[in-house]
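Labels below follow one simple rule: chain letters A, B, ... track the order of the sequence lines, proteins then strands, and each chain is numbered from 1. A quick note: this is a predicted structure, and the numbers were derived from the prediction, not measured. In what follows, every heavy atom counts, from backbone to side chain, and hydrogens, waters and symmetry copies are set aside.
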There are 2 protein chains.
Amino acid sequence: MNISAASKLVGLPVKTVRYYSEIGLVEASSRSDAGYRIYNDMAVRKLMFIRRSRSFGFTIEECRELLSLYQDQGRSSAQVKLIASKRLAEIEIKQLELQSLHKELAHLVKACRGDHRPDCPIIDYLG
Amino acid sequence: MNISAASKLVGLPVKTVRYYSEIGLVEASSRSDAGYRIYNDMAVRKLMFIRRSRSFGFTIEECRELLSLYQDQGRSSAQVKLIASKRLAEIEIKQLELQSLHKELAHLVKACRGDHRPDCPIIDYLG
DNA sequence: CTTGACCTTCCAGTAGCTGGAGGAATTAAG
DNA sequence: CTTAATTCCTCCAGCTACTGGAAGGTCAAG
């Protein structure tokens with residue numbers, strides 16, 4: 001399978017697949033005589049794994065760790081859980097931040113008449 | 001006031017203040033003979049305005065617009081409200097994303113025993 | 001007069017791609 | 001069999017919003 005076929009199957013842009021190969025995250029299983037990347041089933045499965053991991057917001061480095069755990073039969077689930085818990089905590093922090101941001105900004109937006117006049121509680125708050 | 005005094009007053013790193021001057025967001029009010037940036041009250045107020053705007057997650061370009069509205073006596077509050085509403089909508093989208101992410105990941109983390117054994121619902125889900 | 005803290009500019013790097021140039025290879029059509 | 005379109009390659013640049021560091025000028029204190 002060449003890169004565009006793999007890309008379609010996995011649901012990642014060709015550029016991204018090439019990027020992952022460049023940084024050594026998921027390499028092509030081999031190269032054709034002309035130097036084209038060739039992806040076999042295992043490589044495609046790894047790309048899928050990465051796509052799903054990325055969609056959870058794991059960083060590339062975390063994805064690298066997760067992928068190596070995925071391939072490691074001797075892993076402990078504790079190692080996986082640790083990484084996932086860390087990400088979960090980050091999500092929770094972000095949620096709290098957004099909550100307070102939303103509260104404040106929604107309040108200001110609501111208080112702003114949004115007409116032709118210049119007086120504006122949003123600007124007043126920022127200034 | 002030189003850059004470090006302004007930086008302390010405003011609560012932004014010196015590097016950031018210099019960066020804002022470089023991109024023409026908030027310029028120093030003047031320069032000393034030696035070429036040092038000098039910030040007067042107005043410049044400091046602008047920096048404060050930007051710091052607060054940034055803390056709401058407005059992009060630099062949005063901050064630029066907001067700042068120019070801040071300084072424009074002929075602005076309409078509608079212009080300000082539009083930008084703020086856009087940001088509010090982004091926040092709400094992000095909140096929904098995080099909500100579903102959190103739900104899914106929390107579920108997986110909960111289901112993972114986190115012991116020495118290799119079987120792991122998180123890895124199973126990703127793979 | 002020297003020391004140390006500050007200031008300047010410029011260059012490079014961060015994360016995770018994305019776009020594009022220039023050139024080779026493959027494929028489909030005529 | 002030639003041509004044109006598509007796909008592939010590598011390499012370089014750019015995105016956001018800074019941040020770190022090098023090389024060198026400036027300033028106040030002792």
Q) If only side-chain N and O atoms of A/Asn2 are considered, is one of them under 4.0 Å from the OP1 or OP2 phosphate oxygen of D/dT7? A) no
For residues 111-118 of chain B, dump all side-chain donor-acceptor pairs below 3.5 Å to protein atoms at least two apart in sequence or in another chain.
| residue | atom | partner | partner atom | Å |
| --- | --- | --- | --- | --- |
| B/Arg113 | NE | B/Asp115 | OD2 | 3.3 |
| B/Arg113 | NH2 | B/Asp119 | OD2 | 2.6 |
| B/Asp115 | OD1 | A/Ser77 | OG | 3.2 |
| B/Asp115 | OD1 | B/Arg117 | N | 2.9 |
| B/Asp115 | OD2 | B/Arg117 | NE | 3.1 |
| B/Asp115 | OD2 | B/Arg117 | NH2 | 2.8 |

Q. Would you say the side-chain atoms of B/Gln79 pair up with the backbone N or O of B/Ser76, donor to acceptor, closer than 3.5 Å?
A. yes
Q.
Run the salt bridge (charged side-chain N to carboxylate O under 4.0 Å, His left out) test against B/Glu92 and tell me which residues pass, sequence neighbours left out.
A. none
Short N/O separations, protein against nucleotides 23-26 of chain D, under 3.5 angstrom:
| residue | atom | partner | partner atom | Å |
| --- | --- | --- | --- | --- |
| D/dG25 | N2 | B/Tyr36 | OH | 2.9 |
| D/dT26 | O4' | B/Tyr36 | OH | 3.1 |

Q. Rounded to whole angstroms, how far apart are CD1 on B/Ile38 and C1' on D/dC27?
A. 14 Å
Q. B/Ser29 side chain to B/Ala43 main-chain N or O, any donor-acceptor pair under 3.5 Å?
A. no
Q | Secondary-structure notation, DNA chain D, from Watson-Crick and G-U pairs under 3.5 angstrom (| other strand) | A | ||||||||||||||||||||||||||||||
Q | side-chain contact (heavy atoms from CB on, under 4.5 Å) between A/Arg18 and A/Ile3, worked out | A | CA-CA 8 Å; A/Arg18 214 174 269 131; A/Ile3 197 167; 4.1 Å; yes
Q) What are the two closest heavy atoms between B/Ile122 and A/Lys81, and how far apart are they? A) CD1-CA, 4.0 Å
Q: For residues 21-33 of chain B, pull every pair meeting salt bridge (charged side-chain N to carboxylate O under 4.0 Å, His left out), keeping only residues two or more places apart or in separate chains.
A: none
Q. Distance check: side-chain N/O of B/Arg37 vs OP1/OP2 of C/dT8, anything under 4.0 Å?
A. yes
Q.
Using side-chain heavy atoms (C-beta onward) and a distance below 4.5 Å, is A/Leu126 in contact with B/Leu67?
A. no
Q: List in chain and number order the residues that pass side-chain contact (heavy atoms from CB on, under 4.5 Å) with B/Ser55, two or more places apart in sequence or in another chain; answer none if no residue qualifies.
A: none
Q. How long is the line joining CZ of B/Arg18 and C1' of D/dA17, in whole Å?
A. 16 Å
Q. Taking only residues two or more places apart in sequence, or in another chain, which ones meet B/Glu97 in a salt bridge (charged side-chain N to carboxylate O under 4.0 Å, His left out)?
A. B/Lys94
Q | Pairs flagged by ring pair (Phe, Tyr, Trp, His ring centres under 6.0 Å) wherever residues 54-95 of chain B is involved - sequence neighbours left out | A | A/Tyr125-B/Phe56, B/Phe49-B/Tyr70
Q: Please name all residues satisfying side-chain contact (heavy atoms from CB on, under 4.5 Å) with B/Asp124, sequence neighbours left out, ordered by chain then number.
A: none
Q.
Tell me the interatomic distance from B/Glu22, atom CD, to C/dC7, atom P, rounded to whole angstroms.
A. 16 Å
Q: Determine which pairs satisfy ring pair (Phe, Tyr, Trp, His ring centres under 6.0 Å) with at least one residue from residues 20-42 of chain B, sequence neighbours left out, and list them in order.
A: none
Q. Which of the following nucleotides, C/dT8, D/dT10, C/dC7, is nearest to the side chain of A/Arg31?
A. D/dT10
Q.
Within the 4.0 Å heavy-atom criterion, would you say B/Ile23 contacts the bases, only the backbone, or no part of the nucleic acid?
A. nothing
**Q.** Nucleic acid contacts of residues 5-16 of chain B, taken as heavy-atom distances under 4.0 Å to DNA chain D
**A.** B/Pro13, B/Lys15, B/Thr16
Q. Taking only side-chain nitrogens and oxygens of A/Ser32, does any of them come within less than 4.0 Å of OP1 or OP2 of C/dA25?
A. no
Please write out each protein N/O paired with an N/O of nucleotides 13-16 of chain C under 3.5 Å, distance rounded to 0.1 Å.
| residue | atom | partner | partner atom | Å |
| --- | --- | --- | --- | --- |
| C/dG16 | OP1 | A/Ile60 | N | 3.3 |
| C/dG16 | OP2 | A/Ile60 | N | 3.4 |

